[in-house]
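Data block below; observations after.
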Amino acid sequence: MNETLKTLKERRSIRKYKKEQISEEQLKLILEAGTYAPTGMGAQSPIMVVVQDSQTIKELSKMNAEVMGTTSDPFYGAPTVIVVLADKSKRSTYVEDGSLVMGNLMNAAHSLGVDSCWIHRAKEVFESEKGQDLLKKWGVEGDYVGIGHCILGYRDCEYPEAKPRKKGYIVRV
């Protein structure tokens with residue numbers, strides 16, 4: 001089977017991670033794949049903020065959990081979080097642009113033996129005062145909206161099976 005199609009069919013969201021950090025080489029390749037995601041009119045509205053500092057990840061996790069209304073770790077112990085943001089002033093397609101970046105990150109990670117999961121609530125986290133303060137601290141300026149948190153690491157669980165594809169997924173006319 002074609003390697004790209006194999007990656008797309010086999011990638012799963014992982015929700016339990018080892019503490020072991022991914023390699024710098026893997027991270028660079030995953031991030032590069034993110035930069036090649038298609039964007040509306042080639043505007044490249046998204047940016048990726050790489051967080052590997054455990055204290056910052058804990059802070060982001062707590063903020064995300066507050067939005068969710070829980071105290072659990074929505075990042076499942078993953079040692080790397082890539083925050084995908086997109087500049088809404090560049091294109092009306094900023095959400096789609098950032099979503100394609102997220103997809104590229106997760107599929108590239110899988111192709112390199114790194115596990116991932118898309119964690120929602122980035123929009124709410126970075127709309128908050130604490131989220132805006134983090135963006136300033138990171139030097140992110142502009143009209144950026146949180147699209148998603150791509151968590152990365154090595155799974156500490158069984159690899160999940162794919163759910164059967166639903167009937168009627170494809171309609172041909």
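Each residue takes its place number in the sequence, starting with 1. Excluded from the calculations below are hydrogen atoms, water molecules and symmetry mates; all remaining heavy atoms, backbone and side chain alike, are included. Remember, it's a predicted structure, so these values are computed and weren't measured experimentally.
- Using a 4.5 Å heavy-atom threshold, the side chains of Arg15 and Cys157 count as separate.
- Side-chain contact between Pro160 and Ile14 is present, with at least one heavy-atom pair separated by less than 4.5 Å.
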Inset, instruction - Might you work through the side chain to side chain contact (heavy atoms under 4.5 Å, CB included) test for Ser111 and Glu3, ending with a clear yes or no? - result: CA-CA 8 Å; Ser111 76; Glu3 285 301 312; over 6 Å; no

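- Contacts of Tyr17 classified as ring-ring contact (aromatic ring centres under 6.0 Å, His included), with partners at least two apart in sequence or in another chain: none.
- With hydrogens and angles disregarded, no donor-acceptor distance shorter than 3.5 Å links the side chain of Gln26 to the backbone of Ala109.
- A donor-acceptor pair is defined here as one N or O able to donate and one able to accept, closer than 3.5 Å; no such pair exists between the side chain of Asp87 and the backbone of Ile47.
- Looking at Ser13, its side chain never comes within 3.5 Å of a backbone N or O of Cys117 through a donor-acceptor pair.
- Counting heavy atoms from C-beta outward, Asp115 and Leu152 have side chains that stay 4.5 Å or more apart.
- A distance-only check finds no donor-acceptor pair linking the side chain of Glu10 to the backbone of Thr7 [under 3.5 Å].
- The hydrophobic cluster containing Trp118 does not contain Ile57, counting ILVMFWY residues as joined when their side-chain heavy atoms lie under 4.5 angstrom apart, directly or transitively.
- Listed by first then second residue, pairs satisfying side-chain hydrogen bond (donor to acceptor under 3.5 Å, both in side chains) with a partner in residues 156-173 read His110-Tyr159, not counting sequence neighbours.
- Contact of the Leu31 side chain with the Met48 side chain is registered, since non-hydrogen atoms from C-beta on lie closer than 4.5 Å.
- Counting heavy atoms from C-beta on, the side chains of Ile147 and Tyr94 come closer than 4.5 Å.
- A side-chain donor-acceptor contact under 3.5 Å links Thr80 and Gln52.
- Rounded to the nearest 0.5 angstrom, Phe75 CZ and Ser61 OG are separated by 5.5 Å.
- Both Leu105 and Val114 are members of a single hydrophobic cluster when ILVMFWY side chains are connected at heavy-atom separations under 4.5 Å.
- Residues Leu134 and Val49 have side chains not in contact (no heavy-atom distance under 4.5 Å, counting atoms from C-beta outward).
- You'll find the side chain of Val67 reaches within 4.5 Å of the side chain of Val125, heavy atoms only.
- Taking the side chain as every heavy atom from C-beta outward, His149 and Asn64 approach each other to under 4.5 Å.
- Residues passing the side chain to side chain contact (heavy atoms under 4.5 Å, CB included) test with Glu32, sequence neighbours excluded: Leu29, Thr35, Tyr36.
- Side-chain atoms of Glu96 do not come within 3.5 Å of backbone N or O of Gly40 as any donor-acceptor pair.
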